[in-house]
Enquirer: 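Pasting a structure below so you can have a look.
Throughout, a chain's letter reflects where its sequence line sits, starting with A, and its residues are numbered from 1. Computed from a predicted structure; not experimentally measured.
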Number of protein chains: 2
Amino acid sequence: MPLNASSFLILGMVRNGVNSGYAIRRTIENMRMEAFWATTFAQIYPHLADLENEGYLVRHDDPQGARPRSAYTLSQKGEEALDAWLRGTDLPPIEVRDEGLLRLGFSDNLSPEETLALLGRLRERSEAAEREFCEYNLSMAAGAVEQGYRAALMIARMGAEYYAWAAAWFGQLESELQRELDSS
Amino acid sequence: MPLNASSFLILGMVRNGVNSGYAIRRTIENMRMEAFWATTFAQIYPHLADLENEGYLVRHDDPQGARPRSAYTLSQKGEEALDAWLRGTDLPPIEVRDEGLLRLGFSDNLSPEETLALLGRLRERSEAAEREFCEYNLSMAAGAVEQGYRAALMIARMGAEYYAWAAAWFGQLESELQRELDSS
DNA sequence: GGAAGCATGTAAAGTGTTACATGATTTT
DNA sequence: AAAATCATGTAACACTTTACATGCTTCC
């Protein structure tokens, strides 16, 4: 089983002390990490089991009262694989799937009013994403969790700034189109 | 068969006069449309056949000499489906998968030098993407293809500006880290 | 004559999402 | 007592990518 990006997401989480499938999913949600690498419970649990079978992770029983719980730690092999990936000189291309931009790209047949409405929805979607990142950034700054999580915070800050940029970009297009509409 | 975003990409292309599977793939490549919705030949050809079976597209034989070729046009049903999608008020969330950002997010264990190298690779990748968008934008401005392709050009311009922004962002992080390194 | 590009596909594998199922614990 | 959250998974489905296969045409 060759490791893929999802494997390293899990290994990285475990090294950061996020040691159960449930905790990994929740952390990804809280950190808005889905913004650049999404996953679901249905992916994480089987993947954790695979990584244990292949010797990258070690599983421990860690029940909370009568509720069973599996906690994981990195094995030597897991540490090495994660470090090799972090130091790798390859860099796979970014993959984006944005149905909204696709729609904008085929909007030539829409009326100016309809295009304005679409641009407004795109801007609002970016504004909402920006707000979510800002909320996470604030909650992090409040706690003293910054020890050892510098990189994750850096990414979240980039997310906030990117979505602010995108919202402004859509807003500018709206203004231009509105001006054209007014002057005709 | 409910239509998905890939269906509308194909319908939109056909309406714009890009009427064969081969031409659709090449146009997506030339326009750098893969930056926000990627596809391959292996997806397009069966999908075209499905859309024809369901009555969204009409197929015509359009051989070039002895080389066979299938050309498509939109049916009434196809036109309507495409317009309904363009005017839809729903807006599915953006999906991004960026192994590079994932790596940066787990880079706390790297040395400053190694982090600098990673940031440099990320910046270069953005710079390369920006160049590709600019090339397409220039090739469009040169030709008189702007008639009816205003939206596609708008998107390509956004692509160029976004990657310029991202490259600058990574560059700034590099400078900050370098300063820290120098002053210690 | 060979390389590059035009043109169309199939098969298999890999990856990811949705829906479902179960039961314990904590909070209101 | 009900709702929310913790915790773990399976099964089916949908989607995408990779590799392979074939043959024509144009340019060098």
Enquirer: Enumerate the residues from residues 45-56 of chain A whose closest heavy atom to DNA chain D is under 4.0 Å, giving them by residue number; use none for an empty result.
Expert: A:Tyr45

Enquirer: Under 3.5 Å, is there a donor-acceptor pair between the B:Asn4 and B:Ser7 side chains?
Expert: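 Result is yes, a qualifying pair exists.
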
Enquirer: Kindly work out whether a path of hydrophobic side-chain contacts (I/L/V/M/F/W/Y, heavy atoms less than 4.5 Å apart) joins B:Val58 to B:Leu82.
Expert: no

Enquirer: Drop me the distance from B:Asn109's CG to A:Asn16's CG, to the nearest 0.5 angstrom.
Expert: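 If I round to the nearest 0.5 Å, the distance is 7.5 Å.
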
Enquirer: Do B:Thr73 and B:Leu57 have side chains that approach each other closer than 4.5 Å (heavy atoms only, starting at C-beta)?
Expert: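 SC-SC contact between B:Thr73 and B:Leu57 ruled out.
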
Enquirer: Is there a donor-acceptor contact under 3.5 Å linking the side chains of A:Ser175 and A:Gln178?
Expert: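 A:Ser175 vs A:Gln178: no donor-acceptor pair found between side chains.
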
Enquirer: If only side-chain N and O atoms count, and only distance matters, is there a donor-acceptor pair under 3.5 Å linking B:Arg59 with B:Asn19?
Expert: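 Distance-only check fails for B:Asn19 and B:Arg59.
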
Enquirer: Can you name the atoms? Protein N/O to nucleotides 22-24 of chain D N/O, anything below 3.5 Å, with the distance.
Expert:
unit_1: D:dC24; atom_1: O2; unit_2: B:Arg67; atom_2: NH2; d: 3.1

Enquirer: Do A:Ser70 and A:His60 have side-chain atoms, one donor and one acceptor, less than 3.5 Å apart?
Expert: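 The criterion, which ignores hydrogens and geometry beyond distance, is not satisfied for A:His60 and A:Ser70.
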
Enquirer: Scan for salt bridge (Lys or Arg N to Asp or Glu O under 4.0 Å) pairs involving residues 98-107 of chain A, sequence neighbours excluded, and state none if there are none.
Expert: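 Non-adjacent pairs meeting salt bridge (Lys or Arg N to Asp or Glu O under 4.0 Å): A:Asp98-A:Arg125, A:Glu99-A:Arg103, A:Arg103-B:Asp90.
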
Enquirer: Could you check A:Ala71 against A:Glu95 and say which one's nearest nucleotide on DNA chain D is further toward the 5' end?
Expert: A:Ala71

Enquirer: Can B:Glu80 and B:Gln76 be counted as having a side-chain donor-acceptor contact under 3.5 angstrom?
Expert: yes

Enquirer: Whole angstroms only, please: what is the CG-C1' distance between B:Asn4 and D:dT16?
Expert: 11 Å

Enquirer: So where does chain A start and stop touching DNA chain C, 5' to 3', when the test is distance under 4.0 Å to a non-hydrogen atom?
Expert: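 Nucleotide range with atoms under 4.0 Å of chain A: C:dT15 to C:dT25.
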
Enquirer: Taking CZ from A:Arg59 and P from D:dA7, how many angstroms apart are they, rounded to a whole number?
Expert: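 Going from CZ in A:Arg59 over to P in D:dA7 covers 14 Å.
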
Enquirer: Using whole Å, report how far CD of A:Glu99 lies from C1' of D:dC15.
Expert: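 Result: 14 Å.
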
Enquirer: Over all heavy atoms of both residues, which pair between B:Gly55 and B:Ser75 is shortest? Give the atoms and the distance, please.
Expert: O-OG, 2.6 Å

Enquirer: Is the shortest side-chain heavy-atom distance between B:Leu9 and A:Phe106 below 4.5 Å?
Expert: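 The answer is yes, as the side chains (C-beta and beyond) meet within the 4.5 Å cut-off.
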
Enquirer: What contact category does B:Arg97 fall into here, base, sugar-phosphate, or nothing, at under 4.0 angstrom with non-hydrogen atoms?
Expert: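 Counting heavy atoms under 4.0 Å across all strands, the contact made by B:Arg97 is with sugar-phosphate only.
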
Enquirer: Would you say B:Trp37 and B:Ser6 are linked by a side-chain donor-acceptor pair, where the criterion is simply a distance under 3.5 Å?
Expert: yes

Enquirer: Return whichever of A:Pro2 or B:Ser70 has its heavy-atom-nearest nucleotide of DNA chain C closer to the 5' end.
Expert: B:Ser70

Enquirer: Can you tell me how far C1' of D:dT26 sits from CZ of B:Arg69, to the nearest Å?
Expert: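 Going from CZ in B:Arg69 over to C1' in D:dT26 covers 16 Å.
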
Enquirer: Of all of residues 27-42 of chain A, which get a heavy atom below 4.0 angstrom from DNA chain C, listed by number?
Expert: A:Thr40, A:Ala42

Enquirer: Counting just side-chain N and O atoms, does A:Tyr22 come under 4.0 Å of either OP1 or OP2 of D:dT8?
Expert: no

Enquirer: Enumerate the residue pairs fulfilling ring pair (Phe, Tyr, Trp, His ring centres under 6.0 Å) with a member in residues 7-26 of chain B, sequence neighbours excluded, ordered by first and then second residue.
Expert: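 Pairs touching residues 7-26 of chain B that pass the test: B:Phe8-B:Trp85, B:Tyr22-B:Phe41.
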
